[in-house]
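To start, the structure itself, in structure tokens.
Per chain, numbering begins at 1; letters A, B, ... match sequence-line order. Note: hydrogens, waters and symmetry copies are ignored here, and every other heavy atom, side chains too, is used. These numbers were taken from a predicted model, which means no experiment stands behind them.
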Amino acid sequence: MEFAWTEEEVGYRQQVRALVDDRYPSWRATPVHHSFAGDERDQVTAFTHELRDRKLLTAHWPAEYGGADQSAWMHIILGEELWSVGEPRGPQYMSVNWIGPAIMANGTEAQKQEHLGRISDGEAFWCQGFSEPDSGSDLASLKCRAERDGEEYVVNGQKIWTSHTQLAEWCFLLVRTDPDAEPHKGISVLLVPMDTPGIEVRSIANVAGESSFAEVFFTDVRVPVANRLGPENGGWDIVRAALTYERVGAPRWHRGSVVLDALVAWAKEHGRFDDAIVQCRLGEAKAAIEAARMLAYRVVDERAHKMPPGPNAYVARVSMVRAEKQVAELALWLMGEQGIDGGSLAGHTFYPTLTAGVAGGTYEVQLNLVAGLVLQLPRR
Amino acid sequence: MDFTLDQDQQAIVDAVTTIFTKQAGADRARAVGASGHDDALLDALAQAGFLDLAGDSTIGPLGAVLVAELASRHHARANIAVRALVGPTLLGDDAPQRLAVTDASRPGPVRFGQHADVVLVLDGDEAHVATVAKATPIETPYGCPFAHLDTTRVRSLGPGSGPELAKWWQVALAAEISGALDGAVAHTVEYLRERQQFKKPLGSLQALQHRLAEAFVWAEGARWLARRAAFEATPQAAAAAAAYAAQAAQLVGTDMHQLSGAIGFTTEFDLQLWTSRLHALRVEFGGVTAHQLATTRAHWG
Ligand SMILES: Cc1cc2nc3c(=O)[nH]c(=O)nc-3n(C[C@H](O)[C@H](O)[C@H](O)COP(=O)(O)OP(=O)(O)OC[C@H]3O[C@@H](n4cnc5c(N)ncnc54)[C@H](O)[C@@H]3O)c2cc1C
């Protein structure tokens with residue numbers, strides 16, 4: 001047990017940080033989760049290509065898939081430095097976090113060749129087609145149907161709350177392939193090009209700011225069987241593993257830490273920093289952020305030791321949601337009326353942070369998982 | 001970064017667990033009494049070298065934190081966290097076996113004051129070595145012996161030793177709190193798994209499960225922050241660990257009683273052995289606000 005960064009890790013962090021501060025010099029002072037519009041693909045790829053050319057984009061991946069065989073820690077350092085200040089990779093952060101790993105673990109050789117290369121080239125834009133109007137927390141109840149027709153599936157149904165559709169070229173889609181089996185045992189994963197005929201996207205107006213989301217309708221959408229990831233009806237295990245990655249995939253603790261630094265700068269500038277109450281609340285939030293950081297790092301450490309995804313990810317998620325909300329609450333409290341301005345630090349922080357307890361599996365669901373899987377409390 | 005114990009660390013955990021299983025624990029704690037002091041236990045730890053790990057260049061404070069966590073988990077009736085973390089780092093080989101710490105700016109009673117050979121006094125920028133001229137023990141329900149002290153200062157440890165003392169004191173508090181949090185949460189989880197009402201285990205009720213899960217997350221965060229603080233040995237990490245631990249102690253120290261019902265208030269039920277200690281520890285050093293202020297000042301000046 002030790003908590004030091006290696007020289008390579010420190011050097012890697014410095015390179016990533018220098019690049020983002022150079023290309024987006026104003027982001028760090030007002031960290032926003034930047035939502036790129038559909039016509040901003042080139043802006044995103046300009047940045048991801050720079051990362052790729054410096055061997056920073058998928059450094060922790062095996063060389064055969066375009067990586068540099070470095071440790072799993074590079075992944076989280078990359079996320080910390082980029083996601084926390086506004087995510088210049090746009091939706092590509094998901095590709096590196098869990099879509100790539102899911103394909104690496106479950107894909108056919110052809111799927112690996114096609115997708116992993118694009119991801120490590122900084123060219124892959126995905127969206128996550130999981131939730132449905134009647135299947136939120138109870139994801140396994142999903143109904144979007146895929147019926148076999150020769151060498152194709154025919155997909156009919158609806159997804160909702162799908163983020164990043166404005167740029168997505170592929171959808172990591174959960175479908176029901178066996179309606180008669182138990183809910184968990186009839187789900188498959190399809191990798192679907194978003195320009196397939198029969199897919200219709202309707203965006204949903206929202207107040208969250210973090211990322212726009214949409215409804216996605218599938219009407220007789222034909223998807224080759226070769227695009228199925230993993231076995232037919234074996235999608236649930238893939239998605240569970242993917243979601244444990246995703247739970248610590250967005251380094252919310254680090255954004256909280258960047259926001260706190262910015263809040264301190266604001267407090268000093270506005271003569272508020274010497275107030276003991278302000279200092280107490282800053283200290284409280286900082287401690288919460290650092291606790292979340294350690295619990296998330298423990299999950300990364302498991303990954304670095306090549307252990308299978310386990311329930312510590314839920315523990316980490318609970319603490320990071322709690323900590324980030326504390327920071328957001330502090331931002332609005334400290335800035336007061338000035339924080340009402342949507343362009344202010346608090347304005348950028350408050351709503352996106354509220355979504356943290358819902359997106360990617362709710363806070364309460366994480367508590368259920370901790371109670372059941374970690375504390376082994378009896379089932380209800 | 002590596003969250004798994006190395007061979008030395010695992011050996012420490014195994015060996016001190018053996019000692020605490022034999023020579024500490026709830027029954028032993030009751031026998032010694034809340035105002036008593038377990039000299040035999042402290043001797044055993046000292047003889048095996050477990051009080052001096054922080055000064056050992058291959059083990060360091062991270063090894064000492066493991067001892068401190070486990071001591072509190074097993075209700076040890078001695079000032080082990082302070083001795084193991086503050087002793088070697090401030091006094092080196094001169095650290096006496098029975099050590100207490102206090103802050104000259106606060107008049108409160110000193111934990112383990114009546115059982116200390118030497119007291120380290122935090123006085124602004126300097127730490128002073130002092131002996132006890134007079135100790136006046138107080139009655140308290142807070143799980144540890146406390147006494148008001150008249151001290152005689154022997155020597156100063158020099159400029160800059162004050163912040164050093166503050167730092168290691170905070171790490172010791174964080175580690176000791178985290179051991180007791182662990183015990184209190186695990187005990188309550190186990191109790192609610194078994195306790196039946198309405199013809200089912202109370203631990204199956206979601207309202208209670210969520211509170212236990214949240215308490216558990218607090219305890220886990222406190223543990224890893226304390227360990228990191230011991231490793232980093234910076235005022236930033238020490239203050240954040242203590243701030244988080246003190247807040248966790250308040251929440252867990254009250255909520256576990258709420259979840260245990262009336263039996264939780266009885267002396268025969270082990271819960272109070274951890275919670276009474278938690279409440280004592282969380283007010284030490286000026287309590288949570290002092291740690292929070294220190295966190296902010298250490299990070300952002
Ligand atoms: C910003 C944002 C982006 C998103 N992006 C995507 C995306 O890209 N792709 C995608 O597929 N989905 C996405 N989602 C959807 C997200 O995964 C769901 O919102 C989430 O799974 C919760 O489902 P729900 O909203 O239907 O809430 P519900 O399941 O209706 O829950 C409502 C409330 O009930 C509680 N609850 C539910 N079940 C339980 C239980 N068993 N025990 C205790 N409490 C319970 C919940 O915690 C919550 O508080 C996104 C959501 C947000 C907010």
Side-chain angles (χ1 to χ4, degrees), chain A residues 1-6 9 71 73 257 260-261 264-265 267-268 273 276-295 297-302 304-305 312 314-319 322-323 363-364 366-372 374-380, chain B residues 1-6 9-10 62-63 66 185-186 189 192-193 200-206 208-214 216-218 220-225 227-228 230-232 236-237 239-248 288-301:
Chain A
M1 179 172 58
E2 50 87 13
F3 307 111
W5 297 108
T6 65
E9 288 159 356
S71 87
W73 288 100
S257 160
L260 280 177
D261 287 341
V264 167
K268 286 183 173 172
F273 184 70
I277 297 175
V278 170
Q279 291 200 2
C280 272
R281 292 196 66 170
L282 283 166
E284 179 186 21
K286 182 67 178 172
I289 286 289
E290 292 305 309
R293 181 192 300 280
M294 292 308 284
L295 295 178
Y297 284 177
R298 179 171 56 162
V299 179
V300 180
D301 182 62
E302 292 173 351
H305 283 102
N312 283 334
Y314 312 130
V315 176
R317 183 75 182 186
V318 168
S319 88
R322 209 154 65 186
Y363 183 75
E364 290 74 20
Q366 312 302 308
L367 291 178
N368 290 345
L369 291 163
V370 173
V374 184
L375 303 182
Q376 310 264 313
L377 287 161
R379 290 186 148 277
R380 271 159 278 137
Chain B
M1 200 126 1
D2 188 348
F3 282 61
T4 51
L5 302 188
D6 67 24
Q9 291 160 346
Q10 190 61 54
L62 195 47
L66 297 173
V185 175
V189 166
L192 291 183
R193 259 194 226 132
K200 59 185 169 224
L202 286 174
S204 67
L205 297 176
Q206 194 182 42
L208 309 190
Q209 289 189 345
H210 281 193
R211 283 161 76 174
L212 287 171
E214 292 200 296
F216 177 77
V217 173
W218 275 104
E220 288 289 285
R223 182 211 316 273
W224 289 104
L225 280 183
R227 291 177 174 183
R228 184 182 67 173
F231 178 81
E232 288 192 351
Q236 288 89 341
Y244 193 81
Q247 197 170 6
V288 67
T289 49
H291 297 306
Q292 288 168 348
L293 285 172
T295 301
T296 292
R297 286 170 191 158
H299 280 94
W300 297 292

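Distance check: B:T4 OG1 to A:M1 CE gives 9.0 Å after rounding to the nearest 0.5 Å. The CG atom of A:L369 sits 11.0 Å away from the CD atom of B:Q209 when rounded to the nearest 0.5 Å. To the nearest 0.5 angstrom, B:Y244 atom OH is 14.5 Å from A:K286 atom NZ. Of the inter-residue distances, the one linking A:F273 atom CZ with B:R297 atom CZ reads 8.0 Å to the nearest 0.5 angstrom. Interatomic distance, B:D2 CG to A:W73 CH2, rounded to the nearest 0.5 Å: 8.5 Å. One finds the CG atom of A:N312 at 7.0 Å from the CD atom of B:E220 (value rounded to the nearest 0.5 Å).
Proximity to chain B (any heavy atom under 4.5 Å) is shown, for A:E364, by both the backbone and the side chain. The contact between A:V374 and chain B is made entirely by side chain atoms (from C-beta outward), counting heavy-atom distances below 4.5 Å. For A:V315, the parts lying near chain B are the backbone and the side chain together; criterion is any non-hydrogen pair under 4.5 Å.
Taking all atoms of both residues into account, the shortest heavy-atom contact from B:S204 to A:R379 is CB-O, 3.4 Å. Across A:D301 and B:F3, no two heavy atoms sit closer than the pair OD2-N, 3.0 Å. Counting all heavy atoms, side chain and backbone alike, A:A291 lies closest to B:G221 at CB-CA, 4.1 Å. Counting all heavy atoms, side chain and backbone alike, A:A371 lies closest to B:A213 at N-CB, 4.3 Å. Across all their heavy atoms, B:V217 and A:V318 have their closest contact at CG2-CG1, 3.8 Å. When all heavy atoms of B:F231 and A:A4 are compared, the pair lying nearest together is CE2-N, 3.5 Å.
In terms of non-hydrogen atom pairs under 4.5 Å with chain B, the most contact-rich of A:M294, A:R322, A:K268 is A:R322. Chain A forms more heavy-atom pairs under 4.5 Å with one residue of B:L62, B:L202, B:V288, B:V185 than with any other, namely B:L62. Between chain B and the options A:I289, A:L295, A:V370, the largest number of non-hydrogen pairs under 4.5 Å is found for A:L295. For the set B:A245, B:A222, B:A240, the count of heavy-atom pairs under 4.5 angstrom toward chain A peaks at B:A240. Interface summary for chain A: among B:Q236, B:E232, B:R227, the most heavy-atom pairs under 4.5 angstrom belong to B:R227. By number of non-hydrogen pairs under 4.5 angstrom with chain A, the leading residue of B:H299, B:E214, B:R223, B:H291 is B:E214.
Checked by atom type and distance alone, the side chain of A:E284 never pairs as donor or acceptor with a backbone atom of B:T289 at under 3.5 Å. Side chain of B:R228 to main chain of A:E290: no donor-acceptor pair is present (N/O by atom type, distance under 3.5 Å, no hydrogens or angles). A:Q279 places no side-chain N or O within 3.5 Å of a backbone atom of B:T296 that could act as its donor or acceptor partner. Under the 3.5 Å distance criterion, the side-chain polar atoms of A:R298 are left unmatched by any main-chain donor or acceptor of B:W224.
For the residue pair B:H210 / A:N368, a side-chain donor-acceptor distance below 3.5 Å is found, with atom types taken as modelled.
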Check the pair A:Q376, B:R193 against side chain to side chain contact (heavy atoms under 4.5 Å, CB included), reporting the backbone distance first and the verdict last. CA-CA 9 Å; A:Q376 310 264 313; B:R193 259 194 226 132; 4.0 Å; yes
